[in-house]
**Student:** 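The following block contains the structure, expressed as structure tokens.
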Amino acid sequence: METLTKAKEMPKAYDPKKVEGRLYEFWEKGGFFKPRIDPNKRPFVISMPPPNVTGELHLGHAIVDTIEDIMIRWHRMKGDPTLWLPGSDHASIAVHYVIDKGLTSRSPEMDGLLKDIGFPPPPGRKSLARQDLGREWFLKLGWAWRERYSGIIKKQHERLGASCDWSRERFTMDPGLSRAVRESFVRLYNKGLIYRGQYLANRCPRCGTVVSDLEVVHEEERGKLYYVRYPLTGGDDEYVTVATTRPETILGDTAVAVHPGDQRYKDVVGRYAILPVLGRTIPIIADESVDPSFGTGAVKVTPAHDPTDYEIGQRHKLQFINVMNPDGTMNQYAGIYAGMDRFACRKALVAHLEGQGLLAKVEDYVHAIGHCQRCDTILEPSISEQWFVKTKPLALPAIAAVRDGRIRIIPERFTKIYHNWMENIRDWCISRQLWWGHRIPVWYCDACGKESVTVEETLPACLQCGSDRVRQDPDILDTWFSSALWPFSTLGWPEETDDLKYFYPTSVLETAYDILFFWVARMIMMGLECTGDIPFDTVYLHGMIRDERGMRMSKTKGNVVNPLDVMDEFGTDALRFTLVTGSTPGNDMKLSRQKVENSRNFTNKLWNAARFVLQAIENKEEVKPLPVQEIPEERLLLPDQWILSRHHRLCAEVDRLMADYQFGEAGRQIYEFLWGEFCDWYIEASKIRLYGHDPEARAATMSILLYVLERTLRLLHPFMPFVTEEIWQHLLFSKAAAMVLPNLPGEPALFTSKEGGRGSIMVAPYPQAEERYYNDAAEREMGLVLEIVRAIRNARVEFEVEPNRRIAALIAAGSNAGWLGDQAAVIAALARVDPERLAIAPHLAEKPSQALGLVVGTVEVLLPLAGMIDLAAEQARLEREMAATESEIARAVALLGNASFVSRAPANVVEKEKEKLAALQERLDKLFRRKEALRA
RNA sequence: GGGCGAAUAGCUCAGCCGGGAGAGCAUCUGACUUACAUUCAGAAGGUCACAGGUUCGAGCCCUGUUUCGCCCACCA
């Protein structure tokens, strides 16, 4: 591809900005994001949670993209046919909210859109409401808005490196998905699972619509509890006192209720009270639901404005009087308060009651009030005619699917939360008095008065009587209704498309835990109902991202971190790596700049390690690196065997962790290996042979450097797609390519794009562990070498040896002397010991009089530092070490002296303890002799 | 009122199957050693919230307690 220009040499610094956009384009144009369909393999499929078209991406989207992209890239590299289907959600109420705000404030953006759609511009700067536009214009505005933001959203997914199949992008209001909405509505309607009726629902006066129970946010607030006297009829100054937090609802009272067993009121039950202000006569009734211990034990009953009262009203066949308009003002049933706002009415009514001497008392009272999830306005429960989904019959199979393990929820604790909600599920109010969304597919006939339901977009004539005097229900459906169909509506349902047959059910549904009920639970119900199958087999829930202080990010708090800013500064890979390694499933994470910076440093480290390896190969013209498999065994030295063993164990571990959805831990393991083992030790040790005179040794070293680097790039690719691809491309163009490519198992076609273009790391096979490289002896021996080096470095610093000074070292290695002797060059280089004055032998022939004595395992290291050693200090150091060793010996002795430990602990644990004790004793002995020698 | 999560180094967090606790950042020493100062070498720092229990052995399992956070719930 021309988009990738071959660079002869890797630039000194990695610049994400110059790389990321170019690579994304290369991937997308190369067709790498599209699934390679194989009828014989089960595909791996994720439906991307569709972001709302309300605005730009935030960190919540970034973590979704990151985790899903990791899963997707991993499966794709493993050779699974892999589909990640992207899209966006029309988000009706959320879009209404942002458009309303733009219209009210006459924001330049909204005015611009109005101009674009050709809406006659209203004069002046007067604020607009959606009613000023009317339904048609408002919908045009919605589409214009959607057009703008879906483009922005796609760009942001690209920035994040999301390898989703854009050719299958969907929008919840696409014709096909809209058709799926109507189809499912009709099916449920025909089965009696969707019904219409007068029920109590939460209405948001600001949004102008009812919302479902889930959209109610309960918040504790300080309010007042008003005690109001209701005079009794036919009595002398008799009254019953009730308590209420919402005095304005008194206007809708149709009864007073007490508990049937309440002795205080047993004489008034059956009598009547006079409703204050309005003077209506209302009955006093007995109902079990009243709590005699609360307030006065008598409660006013407002069936049209309170859920409990609604039920009392039903039981006692009371009158339902709705006293408010949809916008929160009082209606004609409110008497003199008609037209007044509900809260103004409250104030006026309380004053009125007080004036009449009917206000007994007012208490401060903290209670939970329902707010609108979208705009935070206090909701008004009120009765109205709405559409509902009967959820209990849908919940039963959904509960079973999770209970019997067909669907697994990660982390597991959410399973309990899911069941708790499902088992207590209430009917779902799905109608909304809004415009932007799917119109309810029901038509009412003015001729016969019956209703018709159809999957067709329009209905020319009544299905019952044929009259053309039909009008569609003005309401639209809850956004989540269409979201609930997402896993299959996006694949073509209700048509039996090839995609639906092949890709459904999908594999993993990954999202934030806060929409478990809104979305996940409903997808399971609707999936089972509509397709007869589960919509996905695994639910993976991630946590929320908070700011550095653990606060929830919100626009009003002003603490929102824009992922674009972070990516601009540190690169996409750094942000992704931070998000995934800094979190565990289901737990919230705090994001800080420092964490991202650290990840950026890691990309830099990787970049430079790669630069080192490539330069090492390119600069040695005469040497031909071999595939690792072809390196003669005698050429594989201890560090080689060690890094190969470590690398293959890493592959096994990463594979296990990925399969177990522990992506963060997998990322951390790769980080540890790459930085702490490959860079810190292997590369440093390799320099000896790389800069040495033996061409075959050089070749072998290069081979291993390249082999381990290239495979680790592939391991890391799902986490950090850009930097790994960029380096990998440099490898492809290097002389090393000939060596790298034959080493990759699998079909060659995998490495090329669908069009047969250049290869990409994203379709190269994911590295698998090969047990023949496991080498316990090499790991143990190299471990000792590293310990010796660390001990010498440590001593150098402690005794203030100049950093550049090469010192002498004598190592008494006992039975280890043979193989350890072979590592002399490594020890000398890494510990800055003079190779000429490094002696490794079973025992030391001569012991220098003034020397530091280090005991490393069973090996003794003497550093003759004549003139630099403070004898007293050295003596003290040795004594400290002896004391520490003695206390460890004491523990081991006690443990092994414990008969029950020896008899009941597993044999290998006991054996390990014995070996440890022996080693400790040897160490103590050596330290003691060292101290004696010092004295001599 | 129910339920869930968290509590581990100064800070932010890992820690799988129970077998003498780790990382990053911050701090302190030192180093421009030819991949990398976005680096390297080294140091210091922990009663794993508390109290019991199970076990030969507990950060991990069980019971209770405390603190913080979250979710669900129609006490007006």
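These numbers come from a predicted model, not from an experiment.
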**Student:** Hey, does the side-chain of A/Glu672 have a donor or acceptor N/O within less than 3.5 Å of a partner on the base of B/A14?
**Tutor:**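 Flag unset: no donor-acceptor pair detected.
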**Student:** Could you tell me whether A/Lys916 and A/Glu913 have a side-chain N and a carboxylate O separated by less than 4.0 Å?
**Tutor:**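 The answer is yes: the pair qualifies as a salt bridge.
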**Student:** Does a side-chain N or O from A/Asn598 land closer than 4.0 Å to OP1 or OP2 of B/C25, or not?
**Tutor:**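 Looking at the OP1 and OP2 atoms of B/C25, one of them is under 4.0 Å from a side-chain N or O of A/Asn598.
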**Student:** Does A/Tyr671 have a side-chain nitrogen or oxygen under 4.0 Å from the phosphate oxygens OP1 or OP2 of B/G22?
**Tutor:**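 So the side chain of A/Tyr671 is outside the cut-off, no N or O lying under 4.0 Å from OP1 or OP2 of B/G22.
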**Student:** Measuring to OP1 and OP2 of B/A14, would you say a side-chain N or O of A/Thr584 lies under 4.0 angstrom away?
**Tutor:**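 So the side chain of A/Thr584 is within the cut-off, an N or O lying under 4.0 Å from OP1 or OP2 of B/A14.
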**Student:** With the 90 degree cut-off around zero defining syn, does B/C11 come out syn or anti?
**Tutor:**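 In terms of base orientation relative to the sugar, B/C11 is anti.
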**Student:** Record whether the side chain of A/Ser900 comes under 3.5 Å of the base of B/C56 through a donor-acceptor pair of N or O atoms.
**Tutor:**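 It does not, because no donor-acceptor pair links the side chain of A/Ser900 to the base of B/C56 below 3.5 Å.
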**Student:** Within the structure, does a side-chain N or O atom of A/Tyr365 lie under 4.0 Å from either OP1 or OP2 of B/A76?
**Tutor:**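 Yes, within the criterion.
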**Student:** I want to check one thing: is the phosphate of B/U33, taken as OP1 and OP2, less than 4.0 Å away from some side-chain N or O of A/Lys687?
**Tutor:**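 No, A/Lys687 has no side-chain N/O under 4.0 Å of OP1/OP2 on B/U33.
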**Student:** With both distances under 3.5 Å as the test, what is the Watson-Crick or G-U wobble partner of B/A51?
**Tutor:**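 Checking every strand shown, B/A51 finds its partner in B/U63, with both distances under 3.5 Å.
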**Student:** Can you check whether A/Arg904 has a side-chain N or O nearer than 4.0 Å to OP1 or OP2 of B/C56?
**Tutor:**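 Answer yes for this pair, as a side-chain N or O of A/Arg904 is under 4.0 Å from OP1 or OP2.
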**Student:** Can you identify which nucleotide, out of B/G42, B/C13, B/A31, has its nearest atom closest to the A/Arg790 side chain?
**Tutor:**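 Per side-chain heavy atoms of A/Arg790, the pick is B/G42.
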**Student:** Within the structure, does a side-chain N or O atom of A/Arg793 lie under 4.0 Å from either OP1 or OP2 of B/G42?
**Tutor:**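 For B/G42, OP1 or OP2 has a side-chain N or O of A/Arg793 closer than 4.0 Å.
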**Student:** Distance check: side-chain N/O of A/Trp675 vs OP1/OP2 of B/C40, anything under 4.0 Å?
**Tutor:**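 So the side chain of A/Trp675 is within the cut-off, an N or O lying under 4.0 Å from OP1 or OP2 of B/C40.
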